[in-house]
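I have placed the structure first, in the form of structure tokens, so that the comments after it can refer back to it.
Lettering of chains follows the sequences in order, A, B, ..., and the numbering in each one begins at 1.
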Amino acid sequence: MESAEISVSIDDDFPPVVDLDENGFPLSAPPSSEDDDDDEADTKTKSKLIDPCSSVGARSFASDFYRSGTDWSTLAKEKKEERSLVQRDLFQVWRIKKPEAEPKPRAPQRDLFEMWGIKKPKEEEPKPRVLSPPRKRHRAAAVGGASVDNDASRSGSHRPRACPFYKKIPGTPFTVDAFRYGSVDGCTSYFLSHFHYDHYGGLSKRWSHGPIYCTPITARLVKMCLGVNSLYICPLELGEENVIEGVKVTLLEANHCPGAALIHFRLKDGRCYLHTGDFRASKPMQSYPLLNQHINMLYLDTTYCNPKYRFPPKEDVVSFVVRITRNYLAKHPKTLIVVGAYSIGKEQVYLAISHALGLPIYTNASRRRILQSFCWPDLSGKLCSCGESSSLHVLPLSFLRLENLKEYVKNYKQHFTAVLAFRPTGWTYSETTGKELDLIKPSSKGNVTIYGVPYSEHSSFTELREFVKFLRPDKIVPTVNIGSAINRDNMQSYFHEWLKA
DNA sequence: GCGATCAGAT
DNA sequence: CACATCTGATCGC
């Protein structure tokens, strides 16, 4: 492929092959308590009033910190300046004002109702939007206004953030899921693990910083939804080895959402790195040949790397959903079944209902386009474009609220008299429902019932443990929940525990 | 007016 | 809790 012609230049900013400590963090990183003691400069301006805010500030500082490049000390300084200027005038005012906040007419409702063809619920008031609270956005102005008005007011405001170290693959000119940093120094090939916003963020039709490698499904979505120039899109088939800039790269099914991939890199010197993107570890992964070889560094999706996250296998949740649906329909045949979903992911939930009960799947045109782009005949064949012809609707997760659904069925009142909805999310966890699905209590009001079900497309704690113990990598770099030192330390102790002896 | 970006909400 | 957006405000062009 032509893109491989792009010249290779590894910038100093890219970590050398290993400059991480035994915990997988850069050796130049500050001590792990940085998010507790980073605000000494602010203490004099701090008042009791904003105390709750300052802890928020500290947290976001830490997460920005970890999002940033490896130049720790410079960044810490910048952040400190930003924050001390923001808090006093804006946060404080906001805090004071908050109690008397208006009744909140909830603007989103309006749009969603329009979007789904529902008459708006008669709140036609002009909305007192004039009173919008001061926004932190003023930060750019505040930074300039307070001290250095001259330069910051202009160019300083839109400097893209530095690419964090854990998105850079050492010893290669590669990054993974790093599109929101503009052109990354030393990066000549950009990998996209899957098509979720927090990973592709920054991609648009204006992208011109280098080739984007991803699975064919992700490639289609990038083209179709974001309008990225095809010249830059380089689909790689799952399970096939490709040589890119001298590095052997193989994408593997990640068990996350359609098109999601684990990315395996084999460097010229034989070193192997595995980047999981987002994934749900599963038994079948243990038979991937590449995962039966030594891994020097594992970039791990640690979304639920805490024992409090316990949820059942997807199959169990799917059967539960189907069973509930069956029972409900037996009692109330004229029920509309609704499944909530983001852009992509959770397809198995409604596919299973569709299959078990022989229902076509209705969803709006834009989602149909996306689902069709998967080229799954099984799914494409079941989609229908008319809400009346199906009692199984897929709607945006954010729409699944009692009030919304109550209004929504009214559109179909000749066909349906009740709604049974499912919100599949990973964090419907709890000591009880994590183990026993039958203990899940739906929320319901009138003819609308909503079940939150623990359908996760990320690994549970135990799945992560099993995966890591199977893989036994030399080092692990967590890629999620690294904003707080406490989380980082906790995760590292788990890794240590899993990998000992 | 449009696209990008950010903070805040969910 | 923290997923993956969603939304409104703001800014640059």
Residue list, side chain to side chain donor-acceptor pair (under 3.5 Å) with S208(A), at least two apart or on another chain
none

[atom1] of [X] versus [atom2] of [N]: gap in Å, rounded?
X	N	atom1	atom2	value
R423(A)	dT10(B)	CZ	C1'	8 Å
L402(A)	dT10(B)	CG	C1'	15 Å
I486(A)	dA2(C)	CD1	C1'	16 Å
N487(A)	dC1(C)	CG	P	12 Å
N490(A)	dA2(C)	CG	P	11 Å
Y304(A)	dC1(C)	OH	P	13 Å
R401(A)	dT5(C)	CZ	C1'	13 Å
F399(A)	dC6(C)	CZ	P	14 Å

Picking from dC6(C), dA4(B), dA4(C), which would you name as closest to the side chain of S398(A)?
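Closest of the options to the side chain of S398(A): dC6(C).
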
Identify which nucleotide among dC3(C), dT5(C), dC6(C) has an atom closest to any side-chain atom of H196(A), counting heavy atoms from C-beta outward.
dT5(C)

Spell out yes or no: do the side chain of Y197(A) and the base of dC6(C) have one donor N/O and one acceptor N/O closer than 3.5 Å?
no

Under 4.0 Å between a side-chain N or O of [X] and OP1 or OP2 of [N]?
X	N	result
H256(A)	dA4(C)	yes
T303(A)	dA2(C)	no
S204(A)	dG3(B)	no
H458(A)	dA4(C)	yes

I'd like to know if D438(A) pairs up with R323(A) as an ion pair, taking the criterion as any Lys NZ or Arg NE/NH1/NH2 lying under 4.0 Å from an Asp or Glu carboxylate oxygen.
yes

Residues that A261(A) engages under side-chain contact (heavy atoms from CB on, under 4.5 Å), provided they are two or more places apart:
T215(A), L238(A), L251(A)

Check the side chains of D278(A) and H196(A) for a donor-acceptor pair under 3.5 angstrom, ignoring hydrogens and angles.
no

Given T276(A), N255(A), D301(A), T302(A), the one that forms side-chain hydrogen bond (donor to acceptor under 3.5 Å, both in side chains) with H458(A)
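Only one of T276(A), N255(A), D301(A), T302(A) forms a side-chain hydrogen bond (donor to acceptor under 3.5 Å, both in side chains) with H458(A), namely D301(A).
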
So D278(A), base contact, sugar-phosphate only, or nothing? Heavy-atom distance under 4.0 Å.
sugar-phosphate

